[in-house]
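Following: one structure in structure tokens, then a few remarks.
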Amino acid sequence: MNFNRVVIKVGSALVAPEGKGCSGKYLLAIARFITECHQAGKEVILVSSGSVAAGRQLIHHGSSNPSIVTKQAMASVGQMKMMANWQRFFDAPCSQLLITHGDLRDRQRYINIKNTLRILLENHVLPIVNENDTVATDELKVGDNDNLAALVALVCEADCLIILSDIDGLFDKDPRSNPDAILLPEISEITDDIYAMAGCTTNVIATGGMKTKIQAAEKAIENGIDTYIINGHRSDVFDLLLKGENPGTRFIASQAATKAKKHWLKHTLKSCGQVLLDKGAVNAVISKGASLLPSGINRVVGNFSAGASVDIIDSETGLAVAKGICQYSDRDLNKIIGLNSDKIESVLGFCPSKVIIHRDDMVVLNSHSKTSRA
Ligand code: GLU
């Protein structure tokens, strides 16, 4: 798996298939995948639809397209069902966040959401986000959970967005009426042609569905977040994801956004400490594009918390070779330096990450001599 923090969006068709209320039919495989992500030290935020579908049978309505207020009542009762349905698959606690576009537009509320998510993740809780359908009017609504999931991925600075759909990915034409339709495995730029392909299907769910998924992918990749559209009806896709393979369509994160992040890391973020590496680790970081593992660190200098920026120093020369965001505080790091990553959990009792500084959170310095000595 090539990500550290992932937002997974699960649609109503998976949560409450066939309009018969909540079901575990598709959620079991998804929940198993989330648990495997947790075990590998990844952070997961779930964006789940399905409240309206789950509450549909519980609110009297005489029409195939109930009024907005009726749907809001369905969402209110269905949200409880949907949350209970998810919780039964996890030992870890689940938490509920109901938000609207109005909340994301308000700076203070945006920061509150961001901080709440951070603390939930630090406490190994699975946050489950949905739009607050009961209170949202059109002007305050995101309107669909694909775009909501992309916005959540931005708020929590995820490095991956996975949109689980009922179709294998994006095809060049509607696969249901064109048996020769080709699945597009990788897309690096979202153009009008891509939107046209998304709109070319005649299936009701897939038409609206694919368009909002492309909009979500566009938001995410512009901000450096890799995005996948994957078929959540197929349980084998999760094994492929766990192996680091792409079982659907991957939208590749923009390099420009990644460059902006690296620029911010290098020039704006103040270093709070230093980690000193042995020769092998220096080589892996500079020449092999590797993440930093505890086994290659031989000393830690300074007092810093998890998430702080640190200088990465070659202990032989004393020169800074890179800078990055450290996943552990100096206290915890001192207990695990020199160890194999598999030992982190048994020594600390937790393992938020098998790497100390992920490659994506690191910038290699071109001129090693310009930075401070350890
Ligand atoms: N918030 C809606 C629900 O929970 C779903 C919106 C969507 O799936 O895009 O039913």
Side-chain angles (χ1 to χ4, degrees), residues 7-27 30 45-59 61 63-87 94-104 113 126-155 161-167 198-199 201 203-220 227-233:
V7 172
I8 302 174
K9 186 263 171 174
V10 182
S12 300
L14 297 168
V15 175
E18 293 131 30
K20 293 193 189 120
C22 282
S23 151
K25 187 172 170 188
Y26 300 114
L27 301 202
I30 300 170
I45 296 106
L46 195 58
V47 173
S48 179
S49 304
S51 66
V52 175
R56 204 172 178 90
Q57 292 176 312
L58 303 170
I59 297 291
H61 62 100
S63 129
S64 58
N65 186 17
S67 66
I68 289 174
V69 66
T70 305
K71 280 194 195 152
Q72 288 177 320
M74 289 170 175
S76 174
V77 65
Q79 179 67 22
M80 296 274 288
K81 300 268 170 211
M82 188 258 276
M83 287 300 296
N85 195 31
W86 276 117
Q87 181 66 78
C94 297
S95 76
Q96 171 178 281
L97 288 92
L98 294 176
I99 56 185
T100 64
H101 202 239
D103 298 326
L104 293 165
I113 296 167
L126 174 66
I128 304 183
V129 183
N130 194 3
E131 182 134 45
N132 196 351
D133 293 312
T134 307
V135 301
T137 54
D138 272 352
E139 313 79 73
L140 291 178
K141 251 186 171 175
V142 179
D144 67 86
N145 276 8
D146 296 321
N147 279 291
L148 178 67
L151 295 171
V152 168
L154 297 188
V155 176
L161 169 64
I162 298 175
I163 299 177
L164 294 176
S165 174
D166 59 349
I167 191 162
T201 169
N203 178 287
V204 176
I205 300 170
T207 304
M210 196 47 83
K211 187 172 171 198
T212 53
K213 283 168 186 53
I214 305 294
Q215 288 169 343
E218 189 170 15
K219 280 193 186 71
T227 301
Y228 292 83
I229 297 178
I230 283 167
N231 192 342
H233 283 162

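Counting starts at 1 for both ligands and their atoms, in listed order.
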task: Taking all heavy atoms of A216 and all of A150, pick out the closest pair and write down the distance.
output: O-CB, 3.5 Å

query: Hey, does the side chain of E131 reach the backbone of V142 with a donor-acceptor pair shorter than 3.5 angstrom?
result: yes

- request: Please assess K81 against L58 for the test side chain to side chain contact (heavy atoms under 4.5 Å, CB included), listing each intermediate value before the final yes or no.
  value: CA-CA 11 Å; K81 300 268 170 211; L58 303 170; 3.6 Å; yes

message: I'd like the residue list for ligand 1, meaning every protein residue with a non-hydrogen atom under 4.0 Å from the ligand.
response: S49, G50, S51, V52, N130, D133, D144, N145

- request: Check the pair V155 / V152 against side chain to side chain contact (heavy atoms under 4.5 Å, CB included), numbers first and verdict last.
  value: CA-CA 5 Å; V155 176; V152 168; 5.5 Å; no

Could you list the donor-acceptor pairs under 3.5 angstrom formed by side chains in residues 71-79, with sequence neighbours left out?
from, atom 1, to, atom 2, distance (Å)
K71, NZ, N65, OD1, 3.4
Q72, NE2, D133, O, 3.1
Q72, NE2, T134, O, 3.4
Q72, NE2, A136, O, 3.3
Q79, OE1, N130, ND2, 3.1
Q79, NE2, Q96, OE1, 3.1

From CA spacing to verdict: side chain to side chain contact (heavy atoms under 4.5 Å, CB included), I30, W86: CA-CA 10 Å; I30 300 170; W86 276 117; 4.0 Å; yes

